Colleague: 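There's a structure below that I have some questions on.
Everything numeric in this text was worked out from a predicted model, so none of it was measured. Just so it is clear: chains get the letters A, B, ... in the order the sequence lines come, proteins before strands, and each one is counted from 1.
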Amino acid sequence: MSEALRQALARVATKLGAADAEFVLERPKDAGHGDMATNLAMVLARVQKAPPRAVAASIIEALDLPPGVIEKTEIAGPGFINFWLATDELAASLRGIVEAGPRYGRHDFGRGSRVNVEFVSANPTGPLHVGHGRGGALGDGIAALLEWTGHQLTREFYINDAGVQIDRVGQSLWARVQEAAGRPFAIPEGGYHGEYLREDAVKVLEREGREFADLPDEEGVRRCRALALVMQREEQDRDLASFGVRYDVMTSEQAIYDRGAIPATLALLASRGLTFERDGALWLRTTDFGDDQDRVLRKSDGSYTYFLPDIAYHVDKHDRGFDRVIDVWGADHHGYVPRVRAALRALGYPDDFFHVTVVQLVKVLRGGDEVKMSKRSGEFVTLRDLVDEVGPDAARYFFLMRRGDSQLNFDLDLAKSQTEENPVFYVQMAHARMSGIFRVAGVAPEAVDADVRLDALPAPEDRELLKKLTAFPEVTARAARDLEPNKVTGYLEELARLAHGWYHKCRVLGEPPEVEHARLALARATRIVLANGLTLLGLSAPDRM
RNA sequence: GCGCCCGUAGCUCAGGUGGAUAGAGCAUCAGCCUUCUAAGCUGAGGGUCGUAGGUUCGAAUCCUACCGGGCGCACCA
């Protein structure tokens, strides 16, 4: 409903000679300011060199809208124009929600755009921790938002299976195999001391036989490296699946090497004159593209830095035809952003091709105290433990409800509590209550048509709730634009609050037939929006709790 | 030392890209309600938007400096 108004205002701006005017059309928090308000007059006042309130009057004069949309306009404050919508317009919105059903809130403005969202991408060296969980929830939420707005989307996981770290896991696992066979052993320098490798070693001996431990060290390490890789990947996939995250593409770093992409990328950079030699190493001139120092691609000992395969990987994504690539990285990698951006800029990719969303660290709280990550005690660190304790819905919701770039306090007690203070519970309960009305009435929500007159909704709560429902498409659009799923959780909490209040105040069943029918339609629409929001975020929308 | 992120009510956080008297939830206080699932309603108190300057009709929002917290700063991955 706001779209028609927005377009009408844009037409007026054009007529007044300011076609590119950037104005805001918003829903005022103060009910006294109408249903919609715009600052267009104040924006135009600058160009027109006229008092804002006078400009506002001429805007209203020039506004051409079909009849039955706006009931009243008003010039207020320094030059805001406030609009009150006609009730027929709201009734039409109610029908629109019910007709769109599960598609309500979707858009197609992203049509034709191919986007890749890469997230988690944990090293295959151990179990996922809570930070990965946050990256997983956020990456998946961003992906879902882009899908809802019509983008063609690929969810991708990058496996760092080629580096030194995986070698060290292989050595560490081999040591644990020796331990499990009752032999002297030593975890190598820089190796992995986690308990999980002990368990893996036992599995290895079960699967491969006791004589596996008798292999020469070199072969044992080599085979342990491969086994560890498979086992850790399986573990991670299982954890991600129980968390509701699935991928379209898994890309192996090793495969990029095997394909010869490394020398190819090096040649590409060199042919463009972007590299130079110094102190026996090969450098990329990233300072020409916004980095604060040049970066080494090939070390003086002839081996490559991690930077080069990373460039090759992004070149690969570009060559696969994506218009846009979004990487979700942990805060500990954010210093790495400028050099990758510089490299891609150097290759001539558009600036909006590459976007990094950084997730800050997660602090887990129990009983008000921080749960420390402790290797010694093996205390609660993994995503699996978290999901086992609070469930996948609460875990996802808590990771999503804050912006990625602020630090997150994950309150375990709150996440588990079955009270209104717990936002997940609160939102899901609102959905369950809407469902409960139909259960008691003995009718399916789908059987209730939305062909109602709005005068049949007598309470101000009816109208407030409906107005909130009509804001949902704007929320998904804005959340997708900003890549911020927390805008959806925030909206759902506001909607749930209104829904609970409405439920409490406005009786549905047993009212006069016209009122009962209209409120059933409103309950149906509310249930649709709550379900769509929850589904978008990868959460369940239970009918009873 | 340098770079990036953050700093808004007692707590946790919003704040639609510069607009109206800075908002919500929780907590506190005073009342009410107990229903289609108890997880609701009304009101009150609570703020130097980290600090100081600047930009302009207008700044929590943009710029500069400083303070505090976090992360990073390799020919590591």
Colleague: Does a donor on one side chain and an acceptor on the other come within less than 3.5 Å for A:E156 and A:T251?
Modeller: yes
Colleague: B:rA20 base stacked by A:H33? Criteria: ring centres under 5.5 Å, plane angle under 30°.
Modeller: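 Yes; by the centre-distance and plane-angle rule, A:H33 counts as stacking on B:rA20.
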Colleague: Using the P atom as the point on both nucleotides, what is the distance between B:rG10 and B:rG45, in whole Å?
Modeller: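 Straight-line distance between the two P atoms is 15 Å.
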Colleague: In whole Å, measure the gap between the P atoms of B:rC26 and B:rU42 for me.
Modeller: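 Approximately 12 Å lies between the P atom of B:rC26 and that of B:rU42.
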Colleague: Ring centroid separation for A:Y491 and A:F472, is it under 6.0 angstrom?
Modeller: yes
Colleague: Any chance you could list the contact pattern along nucleotides 72-77 of chain B? Use B for base contacts, S for sugar-phosphate-only contacts and - for none, protein heavy atoms under 4.0 Å, 5' to 3'.
Modeller: S--BSB
Colleague: When all nucleic acid strands are considered with a 4.0 Å heavy-atom cut-off, which category describes A:Y503: base, sugar-phosphate, or nothing?
Modeller: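 Touches a base.
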Colleague: Is there a side-chain contact between A:Y491 and the phosphate of B:rA24, meaning an N or O under 4.0 Å from OP1 or OP2?
Modeller: no
Colleague: Just call it for A:D292: base, sugar-phosphate, or nothing, with non-hydrogen atoms closer than 4.0 Å on any strand.
Modeller: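 The answer is nothing, as A:D292 stays clear of every strand by at least 4.0 Å.
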Colleague: Which nucleotides of nucleotides 26-33 of chain B have their base under 4.0 Å from a protein heavy atom (B), which only their sugar-phosphate (S), and which neither (-), written as one string 5' to 3'?
Modeller: SS------
Colleague: Look through every strand shown and name the nucleotide pairing with B:rC62 as Watson-Crick or G-U wobble, where both distances are under 3.5 Å.
Modeller: B:rG54
Colleague: Salt bridge or not between A:D327 and A:K317? Use side-chain N to carboxylate O under 4.0 Å.
Modeller: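 Looking at A:K317 together with A:D327, the answer is yes, because their closest N to O distance falls below 4.0 Å.
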Colleague: Return the orientation label for the A:Y336 and A:H333 ring planes: parallel under 30°, perpendicular over 60°, tilted otherwise.
Modeller: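 Rings of A:Y336 and A:H333: perpendicular, over 60°.
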Colleague: Determine the Euclidean distance between corresponding C1' atoms of B:rA27 and B:rA44; express it in Å to zero decimal places.
Modeller: 14 Å
